[in-house]
Amino acid sequence: MPVDTKIINARILTQRGITRCGITIESGKIHRIASETSLPNAAKTVDIKGQVVLPGLIDVHVHLRDLDFSFKEDFHTGTCAAAAGGFTTVLDMPNTKPPTNSLLRLKEKIARASGKILVDVGFYSDFPKALRDFKFLKAFGAVAFKAHLLRPTTELNVDDDNVLRSAFEVAAKTKSLVSVHAEDRSLVTELESKFQAARDTLPAAYLKAHPPEAEIRAVERILRLTKGTHVHVHFAHVSTFKGLKLIMEAKQAGLPVTCEVTPHHLFLTDEDFYRLRGVALIIPPLRTRQDTLRLVSALKTGQVDLVASDHAPHRLDEKMRENIWEVTPGIPGLETTLPLLLTQFNRGRISLRRVIEVLSENPAKIFGFKTKGHLKTGYDADLTIVDLTKKFTIDSSKFYSKAKYSPFDGWEVIGKPVQTWVQGKLVMDDEMIVADPGTGRVIGVA
Ligand code: DOR
Ligand code: ZN
């Protein structure tokens with residue numbers, strides 16, 4: 001009996017460097033990776049002409065929106081953007097309208113997404129109001145929990161240390177990962193009020209209202225509160241070197257903590273924010289050149305666990321407001337993250353091995369996806385096929401995302417996803433979406 005699919009003229013990264021091979025796929029799983037002559041016949045053969053196959057990329061920080069925010073993005077456009085950007089799995093954040101903070105809301109989201117998604121999607125939940133609901137949310141499919149300390153959408157009072165510690169304890173008991181947005185709410189609120197009262201509406205005031213200290217204080221608070229609970233805390237979008245250092249020290253001391261950085265915090269600075277204003281406005285905000293250089297070096301050396309896009313689409317008019325306090329924070333990142341990292345590879349600043357670690361292997365390991373993150377027999381046939389040498393200019397008008405803006409517009413990049421395969425199905429082929437809505441699966445659901 002022939003297998004379903006055979007990919008020929010492939011190249012993959014092995015311990016011996018980039019090696020030629022073929023890949024066979026059966027029932028959505030990788031069947032075998034070997035020299036072409038030793039592979040069985042297949043119903044369909046695809047020649048990828050020497051392009052490089054990466055294990056399907058996983059973005060653990062994505063705002064697909066949908067529901068009442070469908071005007072910003074919906075499950076279909078968001079997962080088209082994922083496929084176009086080479087991501088085969090994305091994890092969706094709960095700060096939607098309505099927020100995902102109960103079993104009912106999670107069920108609604110899963111039901112709505114199922115027929116619309118093109119790549120695999122896992123859903124975060126907010127902390128539920130009643131802590132006993134943690135285990136039901138987890139059992140029903142929440143892949144992780146989110147604690148947004150600055151703009152919480154949970155009904156729990158996360159400003160209260162005791163409440164937060166109890167939530168961490170319950171999360172630990174249910175073996176749930178908690179992703180934290182670490183910015184100190186009382187400090188930021190106080191500073192925002194001060195600058196707004198003074199009618200200072202310039203980007204510099206926005207940065208002063210979100211100082212590095214806000215991140216550092218929140219990281220310190222979280223590390224203090226998690227001590228002894230054994231909860232796995234994952235720090236989202238770390239933007240300061242001092243914050244990263246605290247996390248690294250905690251890790252060395254044996255705490256189960258991990259962290260992510262975003263491409264915008266790696267490659268853009270406060271200078272870009274002054275120039276681009278609302279288009280580059282995100283929280284936490286862009287930092288100084290010194291911070292970005294140190295984050296890039298931490299990325300290289302392995303101190304950063306993974307890269308996530310924090311794809312946060314908004315409507316253009318929400319980004320273009322003159323008054324900086326009226327701009328909605330967030331930028332779309334699904335369609336720029338991989339080319340930006342491959343450009344670093346092409347410029348000799350980061351190895352291809354490291355790109356695979358931070359975009360595929362480590363996300364799978366940290367979030368516990370046992371059949372993803374590697375090109376191995378029996379794993380999901382999630383493949384990101386890249387043209388490592390393709391040069392192009394980032395142009396947000398071509399995005400599949402509804403958010404047609406990017407602070408990276410006009411950047412010359414080298415390296416492009418050319419095909420995206422999800423569980424053995426070709427979803428994106430040469431910039432075109434070629435699969436039907438519903439091709440992706442909701443992961444984590446029993
Ligand atoms: O810039 C941001 N946008 N940071 C967040 O924490 C939330 C996100 C959004 O949902 O738009
Ligand atoms: Zn986010």
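- Between Asp317 and Arg321 there is a salt bridge, since a side-chain N of the basic residue sits under 4.0 Å from a carboxylate O of the acidic one.
- Residue Phe87 holds its CZ atom at 14.0 Å from CG of Asp120, rounded to the nearest 0.5 Å.
- In summary, the side chains of Lys72 and His314 do present a donor paired with an acceptor at a separation below 3.5 Å, with no hydrogens or angles considered.
- Residues Asp395 and Thr393 have side chains that never bring a donor and an acceptor to within less than 3.5 angstrom of each other.
- The backbone N or O of Ala172 lies less than 3.5 Å from no partner atom in the side chain of Lys175, so there is not a single donor-acceptor pair.
- No donor-acceptor contact under 3.5 angstrom links the side chains of Asn95 and Thr153, judged on distance only.
- Every side-chain contact (heavy atoms from CB on, under 4.5 Å) that Glu108 has, sequence neighbours left out, goes to Leu104, Arg105.
- Of the listed residues (Asp74, Thr79, Asp66), just one forms a side chain to side chain donor-acceptor pair (under 3.5 Å) with Lys116, and that residue is Asp66.
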Hey, mind stepping through Thr154 and Asn101 against side chain to side chain donor-acceptor pair (under 3.5 Å) and telling me if it holds?
CA-CA 6 Å; Thr154 169; Asn101 56 13; 6.0 Å; no

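- When atom types are taken as modelled, the side chain of Thr328 and the backbone of Lys319 share no donor-acceptor pair closer than 3.5 angstrom.
- Thr258 and His232 are linked by a side-chain donor-acceptor pair at a separation below 3.5 angstrom, with hydrogens and angles left out of the test.
- At a cut-off of 3.5 Å, with distance as the only test, no side-chain donor of Thr201 or Glu322 sits close to an acceptor on the other residue.
- Side-chain atoms of Thr100 and Asp126 include no donor-acceptor pair closer than 3.5 Å.
- Listed here is the closest heavy atom pair of Val238 and Leu295: O-CD1, 3.8 Å.
- Judged purely by distance below 3.5 Å, without hydrogens or angles, the side chains of His234 and Ser179 never pair a donor atom with an acceptor atom.
- What you find for Ala218 and Ala182 is that their closest heavy atoms are CB-C, 3.5 Å.
- For the residue pair Asp270 and Leu286, the shortest heavy atom distance occurs at N-CB, 4.0 Å.
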Please lay out, stage by stage, how His311 and Glu73 fare under the test side chain to side chain donor-acceptor pair (under 3.5 Å).
CA-CA 10 Å; His311 179 80; Glu73 192 81 288; 2.8 Å; yes

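- Annotation for Arg277: atom CZ counts as buried by contact number, over 12 foreign heavy atoms lying within 6.0 Å.
- Side-chain contact, Asp68 with Ser70: no donor N or O sits under 3.5 Å from an acceptor N or O.
- A donor-acceptor contact closer than 3.5 angstrom is absent between the side chains of Asn362 and Asp305.
- Among residues at least two apart or in separate chains, there is no side chain to side chain donor-acceptor pair (under 3.5 Å) pair with a member in residues 335-348.
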For Glu357 and Arg353: C-alpha separation, side-chain torsions, deciding distance, then whether salt bridge (Lys or Arg N to Asp or Glu O under 4.0 Å) applies.
CA-CA 6 Å; Glu357 277 168 13; Arg353 175 101 279 287; 3.1 Å; yes

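- A salt bridge links Asp159 with Arg185: the distance from a Lys NZ or Arg NE/NH1/NH2 to an Asp or Glu carboxylate oxygen falls below 4.0 Å.
- Within the model, atoms OH of Tyr405 and CG of Leu276 stand 12.5 Å from one another, a figure rounded to the nearest 0.5 Å.
- Applying side-chain contact (heavy atoms from CB on, under 4.5 Å) to Glu183 and the options Leu149, Ile283, Ile216 leaves one that passes, Ile283.
- Smallest separation of non-hydrogen atoms from Val119 and Thr88: CB-O, 3.4 Å.
- Considering Phe123, Phe134, Phe168, Phe367 as possible partners of Phe145, the one that fulfils the ring pair (Phe, Tyr, Trp, His ring centres under 6.0 Å) test is Phe134.
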Asp272 vs Arg275, salt bridge (Lys or Arg N to Asp or Glu O under 4.0 Å): CA-CA, chis, key distance, verdict:
CA-CA 5 Å; Asp272 294 297; Arg275 189 170 51 87; 2.8 Å; yes

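- Listed for the His63 side chain is no donor-acceptor partner under 3.5 Å among the backbone atoms of Thr96.
- Checked by atom type and distance alone, the side chain of Asn9 never pairs as donor or acceptor with a backbone atom of Ile48 at under 3.5 Å.
- The backbone N or O of Phe195 lies less than 3.5 Å from no partner atom in the side chain of Asp200, so there is not a single donor-acceptor pair.
- Checking Thr262 against His264 by side-chain atom types alone, a donor-acceptor pair falls below 3.5 Å.
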Working for salt bridge (Lys or Arg N to Asp or Glu O under 4.0 Å), residues Lys49 and Asp47:
CA-CA 6 Å; Lys49 304 191 171 92; Asp47 183 346; 5.4 Å; no

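- The two residues Ser193 and Thr189 come nearest to each other via the heavy atoms OG-O, 2.7 Å.
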Criterion side chain to side chain donor-acceptor pair (under 3.5 Å) on Thr371 and Asp380, from CA distance to verdict:
CA-CA 6 Å; Thr371 57; Asp380 293 351; 3.2 Å; yes

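- Side chain of Glu215 to backbone of Ser239: a donor-acceptor contact under 3.5 angstrom is found.
- Ion pairing of Lys245 with Glu249 is present here, as a side-chain N (NZ or NE/NH1/NH2) and a carboxylate O approach within less than 4.0 Å.
- Screening Lys398, Lys390, Lys416 for a salt bridge (Lys or Arg N to Asp or Glu O under 4.0 Å) involving Glu431 leaves a single residue, Lys416.
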Take Asp92 and Arg65 through the test salt bridge (Lys or Arg N to Asp or Glu O under 4.0 Å) and record every step on the way to the result.
CA-CA 8 Å; Asp92 176 60; Arg65 313 286 191 209; over 6 Å; no

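- No side-chain donor-acceptor contact under 3.5 Å links Asp382 and Gln423.
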Verdict with supporting geometry, Gln290 and Thr288, side chain to side chain donor-acceptor pair (under 3.5 Å):
CA-CA 5 Å; Gln290 206 187 17; Thr288 62; 5.0 Å; no

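- Ser401 places no side-chain N or O within 3.5 Å of a backbone atom of Gly78 that could act as its donor or acceptor partner.
- By the ring-ring contact (aromatic ring centres under 6.0 Å, His included) test, His374 is found to be paired with Tyr379, residues two or more places apart in sequence or in another chain being considered.
- For Arg112, the CZ atom counts as densely surrounded, since its 6.0 Å shell holds more than 12 non-hydrogen atoms of other residues, nucleotides or ligands.
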